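A short write-up of the structure that comes next.
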Amino acid sequence: MTDKLSLTAASRRLMTELQSHGLRLVEPDVGAASRRGGAGPSDHKAVVIDGHTIMVPVHTSSAARSPFLAAAPDGSGASELRFDGTAIASIHFPRQPRFYALQTLDGVPYHHIATLHGADVLATTVLQTCIRYASRRNACQFCAIGQSLAAGRTIAQKTPEQLAEVARAAVLLDGVKHMVLTTGTPNLSDRGAHVLCESAFAIKAAVDLPLQGQCEPPDEDRWFQRMKAAGIDSLGMHLEAVSPDVRARIMPGKATVSLARYLDAFAAAVAVFGRGQVSTYILAGMGDSAAAILEMSERLVALGVYPFVVPFVPISGTPLANHPAPTPEFMRSVLAPLGALLQKSGLRSRDIKAGCGKCGACSSLSVYES
Ligand code: SF4
């Protein structure tokens, strides 16, 4: 695989453009199955450019109008990438993982329990329900956690035993290198930390796999010690938006957990997991200015938190389905200075033990760290 550091400026630019515009496919079923619905960024497909895997929107309305088109792959799996009809690059689609062919003894397909993300990440949403999603007044407007459940592509709750079984198979059959455990928010106390502990403990008993847990800040900081003791190596607590007005508008339920609480929780979590092992998602393009995102990122980096800034993907079926994706220019205006800040501060994607910041496929941020 090409080292991220050796990526050319042209490849870096192409990744940012593709993630903003999305991609049309001559063969929609090419490569590993795309993600539709679910928690976090979605409606996208893994694409390999210059040896680097990124997630590119393929099911959004802006992707349907994208100037980028992937031709049918040739015998070696390479696909010609065209811009306005002109061939500009060769890309690959990762193959379907082997563990997708398996199912549990009681008949649950493994890929309903966890899926392959990026190049080598196993990812699951432990609880596919969320107290905030039940009412559109409280739900995060970008989130599609209920869609894949309603469509029968996943199950509502993955048991620790199921997660351990699938994780072991994904390591043995497909060589996955780390795992993301995210969850809908089940209550207003531990906010998902408890179910992450149970899951991590079972997975670590079955297989040696670095784990990232993702949840809202729990009500008590001692959950950080518990999560670490259960086997979670790095932690994500996702701000999503950074300005109070954008938070209140886009994620009215989640915004009731104040920015002050997030910042306190980040400091307490870094004390447990270590500098650079705590991260947050910031979805650029939902209304925060570039200056606001960069200002918050500076505060986070000073705390030892990795700010994973990701282009917002307008997911079909959500209230923000027709909200425009951020332009490549906007993304570059954030990612270029942020990449330089991360490099100067020694907080690097590749040093994270597990999770989204390490995977990096939902943003081209990591390629701006060089
Ligand atoms: S960055 Fe996170 S959500 Fe995106 S593909 Fe990687 S593991 Fe999945």
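Worth saying up front: this structure is predicted, and the values here are computed from it rather than measured. Heavy-atom basis, side chains included; hydrogens, waters and symmetry copies ignored.
- Nearest heavy atoms, Leu365 versus Gly339: CD1-N, 4.1 Å.
- Closest heavy-atom contact between Gly118 and Ala361: CA-CB, 4.0 Å.
- Remark: Phe224 CZ to Lys228 NZ distance equals 13.5 Å, nearest 0.5 Å.
- For the pair Ser79 (side chain) and Ala70 (backbone), a donor-acceptor distance under 3.5 Å is absent.
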>> As a quick check of understanding, evaluate salt bridge (Lys or Arg N to Asp or Glu O under 4.0 Å) for Arg95 and Asp174, giving each step before the final call.
In response: CA-CA 10 Å; Arg95 61 172 175 74; Asp174 295 287; 3.6 Å; yes
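- Leu188 shares a hydrophobic cluster with Ile131; the chain of contacts runs through ILVMFWY side chains whose heavy atoms sit under 4.5 Å apart.
- Cluster annotation: Leu338 and Leu239 are assigned to the same hydrophobic cluster (Ile/Leu/Val/Met/Phe/Trp/Tyr, side-chain heavy-atom contacts under 4.5 Å, transitive).
- In terms of the ring pair (Phe, Tyr, Trp, His ring centres under 6.0 Å) criterion, His112 has no residue partners (sequence neighbours excluded).
- Rounding to the nearest 0.5 Å gives a distance of 10.0 Å between CG of Leu173 and CZ of Arg168.
- Between the side chain of Thr115 and the backbone N or O of His111, no donor-acceptor pair lies under 3.5 Å.
- Here SG of Cys143 is found 6.0 Å from OH of Tyr133. Values are rounded to the nearest 0.5 Å.
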> Can you list the steps and then say if Thr16 with Ser364 is a side chain to side chain donor-acceptor pair (under 3.5 Å)?
Replying inline: CA-CA 6 Å; Thr16 310; Ser364 47; 3.0 Å; yes
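- For Arg261, the side chain to side chain donor-acceptor pair (under 3.5 Å) test picks out Asp221, with sequence neighbours left out.
- Residues passing the side chain to side chain donor-acceptor pair (under 3.5 Å) test with Asp208, sequence neighbours excluded: none.
- A donor-acceptor pair under 3.5 Å links the side-chain atoms of Lys177 to the main chain of Gly175, judged by distance alone.
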Side-chain donor/acceptor pairs under 3.5 Å, residues 294-310, sequence neighbours excluded:
unit_1: Ser297; atom_1: OG; unit_2: Ile293; atom_2: O; d: 2.7
unit_1: Tyr306; atom_1: OH; unit_2: Glu369; atom_2: OE2; d: 2.5

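- Thr182 and Gln214 form a side-chain donor-acceptor contact under 3.5 Å, judged by distance and modelled atom types alone.
- For Ser199 (side chain) and Val126 (main-chain N/O), no donor-acceptor pair under 3.5 Å exists by modelled atom type.
- Contacts classified as ring-ring contact (aromatic ring centres under 6.0 Å, His included) and involving residues 332-354 (residues at least two apart or in different chains) are not found.
- Applying the ring-ring contact (aromatic ring centres under 6.0 Å, His included) definition to pairs two or more places apart or across chains, none involves residues 342-370.
- When all heavy atoms of Ala241 and Met251 are compared, the pair lying nearest together is N-SD, 4.1 Å.
- Of the possible polar contacts, one joining the Gln19 side chain to the Met55 backbone as a donor-acceptor pair under 3.5 Å is found.
- For Asp288 and Ser243, the side-chain atoms include at least one donor-acceptor pair closer than 3.5 Å.
- A side-chain donor-acceptor contact under 3.5 Å links Glu216 and Thr185.
- Residues meeting the salt bridge (Lys or Arg N to Asp or Glu O under 4.0 Å) test with Lys204, sequence neighbours left out: Asp233.
- Note on Phe201: it does not cluster hydrophobically with Val272, by side-chain heavy-atom contacts below 4.5 Å among ILVMFWY residues.
- Qualifying side chain to side chain donor-acceptor pair (under 3.5 Å) partners for Gln141, counting only residues two or more places apart in sequence or in other chains: none.
- Every ring pair (Phe, Tyr, Trp, His ring centres under 6.0 Å) that Phe83 has, sequence neighbours left out, goes to Phe68.
- In this structure, the side chain of Thr327 engages the main chain of Phe330 through a donor-acceptor pair within 3.5 Å.
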>> Could you walk me through whether Gln212 and Lys358 satisfy the side chain to side chain donor-acceptor pair (under 3.5 Å) test, starting with their C-alpha distance in whole Å, then the side-chain angles of each, then the deciding distance to 0.1 Å, before giving a yes or no?
In response: CA-CA 10 Å; Gln212 185 202 31; Lys358 184 177 191 67; over 6 Å; no
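- Both Ile282 and Val367 sit in one connected hydrophobic cluster of ILVMFWY residues. Membership requires side-chain heavy atoms under 4.5 Å apart, directly or through other members.
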> Going through the distances and angles, do Arg332 and Glu17 end up as a salt bridge (Lys or Arg N to Asp or Glu O under 4.0 Å)?
Replying inline: CA-CA 9 Å; Arg332 272 194 296 275; Glu17 300 261 344; 3.5 Å; yes
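- Atoms CG and CG, on Leu163 and Leu181 in that order, are 6.5 Å from each other to the nearest 0.5 Å.
- Between the side chain of His178 and the backbone N or O of Gly355 there is at least one donor-acceptor pair closer than 3.5 Å.
- Distance CD/Gln162 to OG1/Thr124: 9.0 Å, rounded to 0.5 Å.
- In terms of hydrophobic clustering, with Ile, Leu, Val, Met, Phe, Trp and Tyr side chains grouped at heavy-atom distances under 4.5 Å, Tyr281 and Leu235 are assigned to a common cluster.
- Atom CG of Leu25 and atom CG of Leu69 lie 8.0 Å apart (nearest 0.5 Å).
- For Leu211 against Ala354, the heavy-atom pair with the smallest separation is C-CB, 3.5 Å.
- The two atoms that bring Thr183 and Cys215 nearest to each other are CG2-CB, 4.4 Å, heavy atoms only.
- Without hydrogens or angle criteria, Arg24 side chain to Ser66 main chain gives a donor-acceptor distance under 3.5 Å.
- Under the salt bridge (Lys or Arg N to Asp or Glu O under 4.0 Å) criterion, Lys353 pairs with no residue, sequence neighbours left out.
- Hydrophobic clustering, with ILVMFWY side chains joined whenever heavy atoms are under 4.5 angstrom apart, groups Ile250 together with Tyr262.
- For Glu165, the side chain to side chain donor-acceptor pair (under 3.5 Å) partners are Tyr110, not counting sequence neighbours.
- A salt bridge links Lys254 with Glu240: the closest approach of a Lys/Arg side-chain nitrogen to an acidic carboxylate oxygen falls below 4.0 angstrom.
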